[in-house]
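Structure first, then comments.
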Number of protein chains: 2
Amino acid sequence: MSRSPGAQAAPTLAQVAKLAGVSVKTASRVFNGERYVAEATTEKVQRAASMLGFRPNRIARELRRGSRSTLIGMVTGDLANPFYARVASVLERELRTAGYQLITATSETDAGAEERLVEEFLERRVAGLVVASSASEHHRYLANSAGVPVIFLDRPKTGVSADMVMLDDRAGARMAVRNVLQAGHRRIAVIGDRGQLATHQERMRGFTEALREGGIADVECYVRDEPHTARTAKNVVAAVMSRGLPPTALLSTGSLITMGAINAFQRLNRSAALIGFDDFELAEVLGISVITHDVSELAREGARLLLSRLADAEQPPQTVVIPCRLIDRGSGRRYELV
Amino acid sequence: MSRSPGAQAAPTLAQVAKLAGVSVKTASRVFNGERYVAEATTEKVQRAASMLGFRPNRIARELRRGSRSTLIGMVTGDLANPFYARVASVLERELRTAGYQLITATSETDAGAEERLVEEFLERRVAGLVVASSASEHHRYLANSAGVPVIFLDRPKTGVSADMVMLDDRAGARMAVRNVLQAGHRRIAVIGDRGQLATHQERMRGFTEALREGGIADVECYVRDEPHTARTAKNVVAAVMSRGLPPTALLSTGSLITMGAINAFQRLNRSAALIGFDDFELAEVLGISVITHDVSELAREGARLLLSRLADAEQPPQTVVIPCRLIDRGSGRRYELV
DNA sequence: CTGAAAGCGCTTACAG
DNA sequence: CTGAAAGCGCTTACAG
């Protein structure tokens with residue numbers, strides 16, 4: 001462990017000032033674009049800075065400026081998940097234009113770590129926090145965040161008032177149900193992923209409620225709701241399809257399950273109508289109808305809420321609901337698919 | 001723009017010390033786990049801290065500790081791209097266990113912005129930089145990074161010596177070519193995505209070289225290499241397949257093109273053998289052979305190189321090559337697919 | 001248009 | 001085991 005020789009002491013503002021023959025304050029003015037600096041002075045300072053390879057130290061600046069950084073912390077369930085990845089990507093872009101930088105942390109790594117990650121962000125004096133993960137007791141952050149704004153993305157209501165952006169999963173589920181009911185289906189299976197907590201459960205509830213409202217009597221009979229991997233999703237669908245009186249239509253709470261269903265259909269060489277939440281590559285090629293949301297909009301609204309809260313801490317908490325839509329590719333009306 | 005009242009001045013170490021009746025230095029010792037603090041003192045300090053809701057200020061700590069943070073900056077082409085997202089996810093996890101936090105920036109936002117992003121990272125005194133983006137002149141960072149280690153992920157060699165992790169695209173291309181040649185194919189189209197710069201070009205070169213070595217005379221005849229969206233990929237494949245003497249096999253440099261090909265096959269109701277780089281969901285269901293790399297390994301090796309460089313700035317630059325493998329699902333041997 | 005002094009919240013280097 | 005002083009690199013608040 002040698003002490004990096006490359007990482008030699010970086011030049012400071014004081015060194016630049018000295019070389020330029022001005023005071024530290026005057027040099028500071030140049031890098032902050034303050035008015036009232038003679039042009040000749042500006043030039044002298046800039047020349048000295050580039051000779052030394054000076055780069056302002058943001059750490060020092062932030063400490064002096066009131067010890068609150070321009071970092072925004074984001075807690076996600078799993079950055080590798082395309083949903084979170086897209087949210088992070090859009091958020092990063094939106095926040096950057098407002099002068100903030102996104103810093104990410106993934107909570108699913110070890111359960112219960114989320115609180116520690118948030119604590120780390122707060123020690124770093126982040127200007128704000130965006131929470132888009134599935135841990136359950138988020139509201140505690142609010143109490144402990146010491147006035148740092150927290151925005152919740154795609155979380156269920158908890159009674160605690162806070163800024164949040166939600167997906168209208170219930171309405172989406174209703175659209176899917178309407179689609180298969182109109183095609184005449186009556187035996188309709190609902191496959192959920194209990195592991196994916198919040199969102200998936202909302203979708204489950206949306207499906208079953210809408211089915212009941214649609215006059216389907218024995219809804220529970222075809223409901224399966226458990227944690228899923230790609231493999232188990234396939235198996236569950238295969239099992240449901242192999243019953244004595246198999247369903248003629250399937251509703252799925254996520255693309256993993258939808259793809260598992262397609263896989264199962266192929267193995268069984270039988271199929272059913274199918275509509276799932278979340279669009280996926282090749283869904284169009286395969287003609288699968290999906291319920292989808294505009295993830296970019298979710299992220300953009302999240303950024304907007306945060307920036308607005310940052311500008312005015314007093315305003316009442318807002319909730320934004322992102323609508324969903326059905327992309328009808330015909331699979332909800334068919335009785336034979338593969 | 002009210003001055004957030006929630007963001008009231010956070011309690012400081014000095015306040016904790018005063019409440020606990022000890023010196024600032026002693027209080028500091030408690031939060032840094034230094035030895036030689038009486039147990040009673042530790043307790044007093046901790047009680048005072050929790051009464052006040054004290055949270056150590058990392059900004060101040062980092063400034064004092066030598067103005068180098070525990071942040072690692074990562075520049076990606078596009079965080080929403082599954083490849084970069086997975087890299088970021090793994091990297092974040094690996095670095096966190098070593099006490100570092102990942103901070104991300106996306107360069108594709110506006111071309112040429114990359115340098116500005118890197119500059120911002122350096123002003124923030126990041127401990128290291130990971131560059132995984134397609135901008136071309138990365139080597140310049142090295143000159144300007146003021147001793148901050150830079151690790152390049154999936155970049156082509158530039159002659160500049162630096163720590164880097166590369167994918168063995170050439171070897172992968174060779175495997176794909178061997179697969180279709182062994183199946184007896186002779187008219188083999190190569191579809192590339194010139195827009196995706198580095199990696200895709202390596203793959204193109206790998207394909208054409210291997211074809212020539214395999215005794216295919218008129219290789220160029222079936223080569224198409226231009227920037228692609230999902231739509232243009234489909235159109236290009238359709239055009240190639242509609243020629244007088246159509247190819248009997250297709251090689252693709254990325255999953256976007258592979259999926260475009262599947263789409264085109266469907267529209268034309270004709271098909272060809274097909275092998276593409278990068279695995280994708282449903283590739284298994286559709287029986288498409290792919291050349292794939294272990295992205296997690298890429299990221300893990302990147303983290304390892306960075307941590308090793310951080311520990312010893314003197315060691316010679318290392319290059320790690322991640323091997324690739326063919327997942328043979330049969331599509332390279334078929335003459336009819338869809 | 002410019003500068004000298006103080007201080008952001010912490011740790012380092014010393015001294016006891 | 002504990003503490004008083006100095007200082008990390010910058011900006012704030014004042015004064016000229």
Side-chain angles (χ1 to χ4, degrees), chain A residues 3 7-46 48-49 52-70 120 122-127 146, chain B residues 3 7-46 48-49 52-70 120 122-127 146:
Chain A
R3 181 159 270 107
Q8 57 213 276
T12 72
L13 191 60
Q15 289 169 35
V16 172
K18 189 173 175 189
L19 183 60
V22 300
S23 74
V24 178
K25 175 59 199 166
T26 296
S28 169
R29 283 192 178 94
V30 171
F31 297 108
N32 288 291
E34 284 177 41
R35 289 167 34 172
Y36 305 128
V37 183
E39 242 182 65
T41 310
T42 300
E43 267 173 34
K44 268 192 305 185
V45 171
Q46 276 167 346
L52 259 32
F54 172 71
R55 184 140 37 207
N57 185 330
R58 289 212 187 201
I59 296 175
R61 174 181 295 176
E62 284 179 354
L63 176 60
R64 181 62 254 223
R65 286 237 250 248
S67 76
R68 184 108 302 170
S69 80
T70 56
E120 247 182 82
L122 291 173
E123 286 186 7
R124 208 174 273 292
R125 299 308 193 254
V126 293
Chain B
R3 183 159 268 107
Q8 57 211 277
T12 72
L13 191 60
Q15 289 169 34
V16 172
K18 189 172 175 191
L19 182 59
V22 299
S23 75
V24 178
K25 175 58 200 166
T26 296
S28 169
R29 283 192 179 94
V30 171
F31 298 108
N32 288 291
E34 284 178 41
R35 290 166 35 172
Y36 306 129
V37 183
E39 241 182 65
T41 310
T42 301
E43 267 172 33
K44 268 194 303 185
V45 171
Q46 276 167 348
L52 258 33
F54 172 72
R55 184 138 39 205
N57 184 331
R58 288 211 188 205
I59 297 176
R61 173 182 295 176
E62 284 179 355
L63 175 59
R64 182 62 253 226
R65 285 236 250 248
S67 75
R68 184 108 302 170
S69 80
T70 56
E120 247 181 81
L122 291 172
E123 286 186 7
R124 207 174 275 291
R125 299 307 193 255
V126 292

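Order of the sequence lines sets the chain letters (A, B, ...), proteins ahead of strands, with each chain counted from 1. Both backbone and side-chain heavy atoms feed into the values below; hydrogens, waters and symmetry mates do not.
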Inset, instruction - Indicate, with a heavy-atom threshold strictly under 4.0 Å, whether A/Arg29 touches base, sugar-phosphate, or nothing. - result: base

Inset, instruction - Mind checking B/Phe54 for me? I need base, sugar-phosphate or nothing, with any heavy atom below 4.0 Å counting as a touch. - result: sugar-phosphate

Legend entry - Minimum-distance nucleotide (side-chain atoms of B/Lys25 versus D/dC1, C/dA13, D/dG9): C/dA13

Inset, instruction - Show your reasoning for whether side chain to side chain donor-acceptor pair (under 3.5 Å) applies to B/Thr70 and B/Arg61. - result: CA-CA 11 Å; B/Thr70 56; B/Arg61 173 182 295 176; over 6 Å; no

Inset, instruction - Look at all strands and tell whether B/Val22 reaches a base, only sugar-phosphate, or nothing, counting heavy atoms closer than 4.0 Å. - result: sugar-phosphate

Inset, instruction - Give the rounded distance in Å between these two atoms: CZ of B/Arg124 and P of D/dG9. - result: 18 Å

Inset, instruction - For A/Ser69 and A/Glu62, work out which heavy atoms get closest and say how close. - result: CB-OE1, 3.0 Å

Legend entry - Ion pair B/Lys25/B/Glu34, N-O distance below 4.0 Å: yes

Legend entry - Rounded interatomic separation in angstrom, taking CG from B/Asn32 and C1' from D/dT2: 15 Å

Inset, instruction - Would you indicate, yes or no, if C/dC10 has its OP1 or OP2 atom less than 4.0 angstrom from a side-chain nitrogen or oxygen of B/Ser28? - result: no

Legend entry - A/Asn57, nearest nucleotide to its side chain (from D/dG9, C/dT12, C/dC10): D/dG9

Inset, instruction - Respond yes when some side-chain nitrogen or oxygen of A/Arg64 is under 4.0 Å from OP1 or OP2 of D/dT12, and no when none is. - result: no

Legend entry - Distance, P atom - from C/dA13 to D/dC1, rounded to whole angstrom: 22 Å

Inset, instruction - Considering just the side-chain nitrogens and oxygens of B/Ser23, establish if one lies under 4.0 Å of OP1 or OP2 belonging to D/dG3. - result: yes

Legend entry - Nucleotide nearest A/Arg65 when distance is taken to its side chain, options D/dT12, D/dC1, D/dG9: D/dT12

Inset, instruction - Output yes when at least one side-chain N/O atom of A/Thr26 is less than 4.0 Å from OP1 or OP2 of C/dC1, else no. - result: no

